[in-house]
Amino acid sequence: MKELTSQVREVAKRLLESQKVDLILGWEKGAQPFRSSLAVIRSPQEADRLVFDEFCINNLSTYLLDYRDGHERIGIFVKGCDSRGVVRLVEDNQFAKERLYIIGIPCPGMKDPVAAAWADSGLAGKPDGESLAAKCRQCVHPNPVIFDELLGSEQAPHLEGERFADVKRIEAMTSAERYEFFAEMFSRCIRCYACRQICVACNCRKCIFDETRPQWVGREVNLADNWMYHVVRAMHVAGRCVECGECERACPVGIPLMLLNRKLIKDVNELFGPYEASLKLEEGAKPPLSVYRPDDPDNFL
């Protein structure tokens with residue numbers, strides 16, 4: 001990926017020197033070799049900090065929310081999932097496309113920094129630090145879906161195999177088995193809200209879970225309130241999830257959140273599809289569950 005790193009730096013310098021953008025969002029190496037974190041570049045001289053390697057796993061589109069109320073023109077490097085996040089923000093009227101210059105990079109799949117850290121530690125029972133991250137093994141859109149220019153000469157391969165295999169295993173359970181499965185899953189939650197904070201689709205200015213008058217969901221860490229939190233959040237992103245997997249990756253207690261998200265992705269696809277969220281930017285496009293029509297044939301209203 002050294003060639004891509006060189007291209008990333010050259011593009012960043014060109015865009016900043018020509019004043020086409022005011023800042024650029026990309027990745028830079030952290031204190032450890034298996035950490036490539038967000039980099040905010042504002043001058044051509046800083047461009048040499050940028051990298052593109054196997055640990056550029058962060059979805060950069062989420063960080064655009066920090067700039068949504070400003071006027072700065074922003075260059076942003078995007079993989080497949082990042083680009084879908086950009087579409088999500090534009091469709092949700094959270095960011096103006098005119099303020100963005102999008103540089104696409106086909107993604108070959110990223111490694112899990114946590115697994116790499118364990119492998120580097122030399123401890124027994126360490127996970128495989130060389131394999132793809134879990135979210136990348138499930139990726140079906142590794143290539144950018146929107147961009148102003150594209151780096152690299154090869155398109156990344158798509159996932160082979162059954163996309164909803166885990167979902168179908170849950171669907172095959174009895175009601176009692178599913179209840180026990182999700183009860184165990186949600187009982188682990190410590191309500192840190194890391195999944196909400198990292199999610200590009202959780203872009204409301206005032207979150208329902210921060211409301212106190214009325215208080216829709218209790219603040220206690222118990223199964224009932226945890227269950228309510230996760231089900232409500234999942235429904236809020238139904239038809240809007242870009243499958244970046246950042247929610248599950250950020251979870252400190254290992255809750256398989258993408259299992260719940262993919263169940264809803266599968267259901268939305270079957271009920272309203274074929275449908276895939278945020279694959280293209282269309283004027284006036286809205287996700288299925290974000291549209292209301294007075295002549296809706298269902299009588300649930």
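In this chain, numbering begins with 1 at the start of the sequence shown.
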Lys/Arg-Asp/Glu bridge criterion (N-O < 4.0 Å) met for [X], [Y]:
{"X": "Asp148", "Y": "Lys20", "result": "no"}
{"X": "Arg42", "Y": "Glu72", "result": "yes"}
{"X": "Lys206", "Y": "Asp210", "result": "no"}
{"X": "Arg262", "Y": "Glu243", "result": "yes"}
{"X": "Arg14", "Y": "Glu10", "result": "no"}
{"X": "Glu91", "Y": "Arg88", "result": "yes"}

Between Val78 and Leu60, does a side chain to side chain contact (heavy atoms under 4.5 Å, CB included) hold up when you go through it step by step?
CA-CA 7 Å; Val78 298; Leu60 298 186; 5.9 Å; no
Test side chain to side chain contact (heavy atoms under 4.5 Å, CB included) on Lys266 and Lys168 and set out the steps.
CA-CA 10 Å; Lys266 179 175 178 287; Lys168 290 178 179 179; 4.2 Å; yes
Donor-acceptor contact below 3.5 Å, side chain [X] vs main chain [Y]:
{"X": "Arg68", "Y": "Leu89", "result": "no"}
{"X": "Asn143", "Y": "Pro106", "result": "no"}
{"X": "Thr62", "Y": "Ile198", "result": "yes"}
{"X": "Arg240", "Y": "His236", "result": "yes"}
{"X": "Lys2", "Y": "Ser6", "result": "no"}
{"X": "Arg188", "Y": "Gly254", "result": "yes"}
{"X": "Glu149", "Y": "Ile103", "result": "no"}
{"X": "Ser36", "Y": "Lys29", "result": "no"}

So if I apply the salt bridge (charged side-chain N to carboxylate O under 4.0 Å, His left out) rule between Glu246 and each of Arg84, Lys135, Arg196, which one comes out positive?
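Result for salt bridge (charged side-chain N to carboxylate O under 4.0 Å, His left out) with Glu246: Lys135.
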Other residues, nucleotides, ligands: >12 heavy atoms within 6.0 Å of [X] [atom1]:
{"X": "Met235", "atom1": "CE", "result": "no"}
{"X": "Lys280", "atom1": "NZ", "result": "no"}
{"X": "Gln19", "atom1": "CD", "result": "no"}
{"X": "Glu3", "atom1": "CD", "result": "no"}

Distance in Å, [X] [atom1] paired with [Y] [atom2], rounded so as to fall on 0.5 Å steps:
{"X": "Asp92", "Y": "Ser290", "atom1": "CG", "atom2": "OG", "value": "7.0 Å"}
{"X": "Asp112", "Y": "Arg137", "atom1": "CG", "atom2": "CZ", "value": "8.5 Å"}
{"X": "Gln138", "Y": "Phe164", "atom1": "CD", "atom2": "CZ", "value": "9.5 Å"}
{"X": "Ile146", "Y": "Leu281", "atom1": "CD1", "atom2": "CG", "value": "4.5 Å"}
{"X": "Cys244", "Y": "Asn261", "atom1": "SG", "atom2": "CG", "value": "9.0 Å"}
{"X": "Arg163", "Y": "Ile265", "atom1": "CZ", "atom2": "CD1", "value": "6.0 Å"}

Heavy-atom check, side chain of [X] versus side chain of [Y], under 4.5 Å:
{"X": "Ile41", "Y": "Leu23", "result": "no"}
{"X": "Ile170", "Y": "Lys263", "result": "no"}
{"X": "Leu4", "Y": "Phe77", "result": "no"}
{"X": "Phe95", "Y": "Asn203", "result": "no"}
{"X": "Leu279", "Y": "Val87", "result": "no"}
{"X": "Val8", "Y": "Val51", "result": "no"}
{"X": "Tyr63", "Y": "Asn58", "result": "yes"}
{"X": "Cys189", "Y": "Ile255", "result": "yes"}

Report whether [X] and [Y] are members of the same hydrophobic cluster (ILVMFWY, side-chain heavy atoms less than 4.5 Å apart, transitive linking).
{"X": "Phe182", "Y": "Met173", "result": "yes"}
{"X": "Trp27", "Y": "Ile74", "result": "yes"}
{"X": "Val21", "Y": "Phe52", "result": "yes"}

Return the minimal non-hydrogen interatomic distance between [X] and [Y], and the atom names on each side.
{"X": "Ile102", "Y": "Val86", "result": "CD1-CG1, 3.8 Å"}
{"X": "Ser278", "Y": "Val145", "result": "O-CG2, 3.7 Å"}
{"X": "Val221", "Y": "Ile190", "result": "CG2-O, 3.8 Å"}
{"X": "Cys241", "Y": "Met258", "result": "SG-CE, 4.3 Å"}
{"X": "Leu50", "Y": "Ala39", "result": "CD2-CB, 4.0 Å"}
{"X": "Glu248", "Y": "Leu259", "result": "OE1-N, 4.3 Å"}

Relative to the ring of Trp227, is the ring of Phe186 parallel (under 30°), tilted (30 to 60°) or perpendicular (over 60°)?
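Answer is perpendicular, since the angle exceeds 60°.
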Before giving the answer on salt bridge (charged side-chain N to carboxylate O under 4.0 Å, His left out), spell out for Arg205 and Asp69 the whole-Å C-alpha distance, their side-chain angles and the decisive distance to 0.1 Å.
CA-CA 11 Å; Arg205 291 181 179 273; Asp69 293 324; 2.7 Å; yes
Please confirm whether the ring centroid of Tyr193 lies under 6.0 Å from the ring centroid of Tyr229.
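Yes, the ring of Tyr193 comes within the 6.0 Å limit of the ring of Tyr229, centre to centre.
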Intermediate values then yes/no, salt bridge (charged side-chain N to carboxylate O under 4.0 Å, His left out), Asp48 and Lys13:
CA-CA 9 Å; Asp48 285 339; Lys13 288 177 183 177; 3.1 Å; yes
Show your working on side chain to side chain contact (heavy atoms under 4.5 Å, CB included) between Phe147 and Ile105 and close with a plain yes or no.
CA-CA 9 Å; Phe147 52 85; Ile105 307 176; over 6 Å; no
For Phe272, the rest of its hydrophobic cluster, which grows through side-chain links under 4.5 angstrom:
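Val268, Leu271, Tyr275, Leu289, all in the cluster of Phe272.
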Name the one of Arg219, Arg191, His230 that satisfies side chain to side chain contact (heavy atoms under 4.5 Å, CB included) with Asp225?
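It is Arg191, the one option of Arg219, Arg191, His230 that forms the side chain to side chain contact (heavy atoms under 4.5 Å, CB included) with Asp225.
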Derivation of the side chain to side chain contact (heavy atoms under 4.5 Å, CB included) call for Cys202 and Val237
CA-CA 7 Å; Cys202 280; Val237 302; 4.2 Å; yes
